[in-house]
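Given the structure is predicted, the values throughout are model-derived calculations rather than measurements.
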Amino acid sequence: MAVVIECLDKDGALEIRKANREAHLAHLKSHMDKIIAAGPLLDDANETMVGSVLVMDFADKEAAQDFCDNDPYAKAGLFKSVSIKNWKKVLPAD
């Protein structure tokens with residue numbers, strides 16, 4: 001099942017993000033077979049990362065939650081919120 005994962009950073013947590021970025025990217029790379037799209041959210045000036053959006057495919061929501069719980073960013077306390085929502089691809093058509 002495809003899901004959209006939206007993670008919003010705590011205010012003023014850019015240093016937490018920077019300190020854990022390599023571990024976070026390694027976590028993502030270990031799940032490449034599940035990633036449809038992934039990248040950071042940016043502030044209004046398009047300069048500072050303020051969160052993450054991932055579109056991924058998991059067997060179920062529990063697997064998606066496990067992925068989120070084990071993200072080094074989450075373990076470091078970066079996020080003020082994380083949401084997992086079911087998603088259906090419509091365009092572009094396969």
Query raised in the report: Hey, are the side chains of Asp33 and Asp57 touching, using non-hydrogen atoms and a 4.5 Å cut-off?
Result: no
Query raised in the report: Do Ile35 and Leu28 have side-chain heavy atoms sitting under 4.5 Å apart?
Result: yes
Report task. Would you mind reporting whether Ile5 and Val53 have side-chain heavy atoms less than 4.5 Å apart? Result -> no
**Report entry** ring-ring contact (aromatic ring centres under 6.0 Å, His included) contacts touching residues 43-71 (sequence neighbours left out)
**Finding:** His27-Phe67, His31-Phe67, Phe58-Phe67
Query raised in the report: Are any side-chain N or O atoms of Asn20 and backbone N or O atoms of Ala23, one a donor and one an acceptor, separated by less than 3.5 Å?
Result: no
Query raised in the report: Is it true that Phe79 and Leu14 fall in one hydrophobic cluster, defined by side-chain heavy atoms closer than 4.5 Å?
Result: no
Requested in this report: Kindly state each residue pair satisfying salt bridge (Lys or Arg N to Asp or Glu O under 4.0 Å) with at least one member in residues 13-30, sequence neighbours excluded.
Outcome: Asp9-Arg17, Glu15-Lys18
Query raised in the report: Is Trp87 close to Ile36 at the side-chain level, that is, under 4.5 Å between some pair of heavy atoms?
Result: yes
Query - Pairs meeting criterion salt bridge (Lys or Arg N to Asp or Glu O under 4.0 Å) with involvement of residues 37-50, two or more places apart - result: none
Report task. Tell me, yes or no, whether the heavy-atom count around Lys85 atom NZ, taken from other residues, nucleotides or ligands under 6.0 Å, exceeds 12. Result -> no
Query raised in the report: In this structure, which one of Leu8, Leu41, Leu42 forms a side chain to side chain contact (heavy atoms under 4.5 Å, CB included) with Val50?
Result: Leu41
Query raised in the report: According to a 4.5 Å side-chain heavy-atom criterion applied to Ile, Leu, Val, Met, Phe, Trp and Tyr, with indirect links allowed, do Met49 and Ile16 form part of one hydrophobic cluster?
Result: no
Report summary line: One should read off an interatomic distance between Ser52 OG and Glu6 CD, to the nearest 0.5 angstrom, of 10.0 Å
Report summary line: Residues Leu78 and Ala13: closest non-hydrogen pair is CD1-O, 3.4 Å
Report summary line: Rounding to 0.5 Å, atoms CG (Asp66) and CG (Asp71) come to a distance of 11.5 Å
Query - Inter-residue atom distance Lys61.NZ - Asn86.CG, 0.5 Å rounding - result: 4.0 Å
Report summary line: Here the gap from Lys75 atom NZ to Asp69 atom CG, rounded to the nearest 0.5 Å, amounts to 9.0 Å
Query - Check: Cys68 and Asn70 side chains under 4.5 Å, non-hydrogen atoms - result: no
Query raised in the report: Same cluster or not: are Met56 and Ile84 linked, directly or through other Ile, Leu, Val, Met, Phe, Trp or Tyr residues, by side-chain heavy atoms under 4.5 angstrom apart?
Result: yes
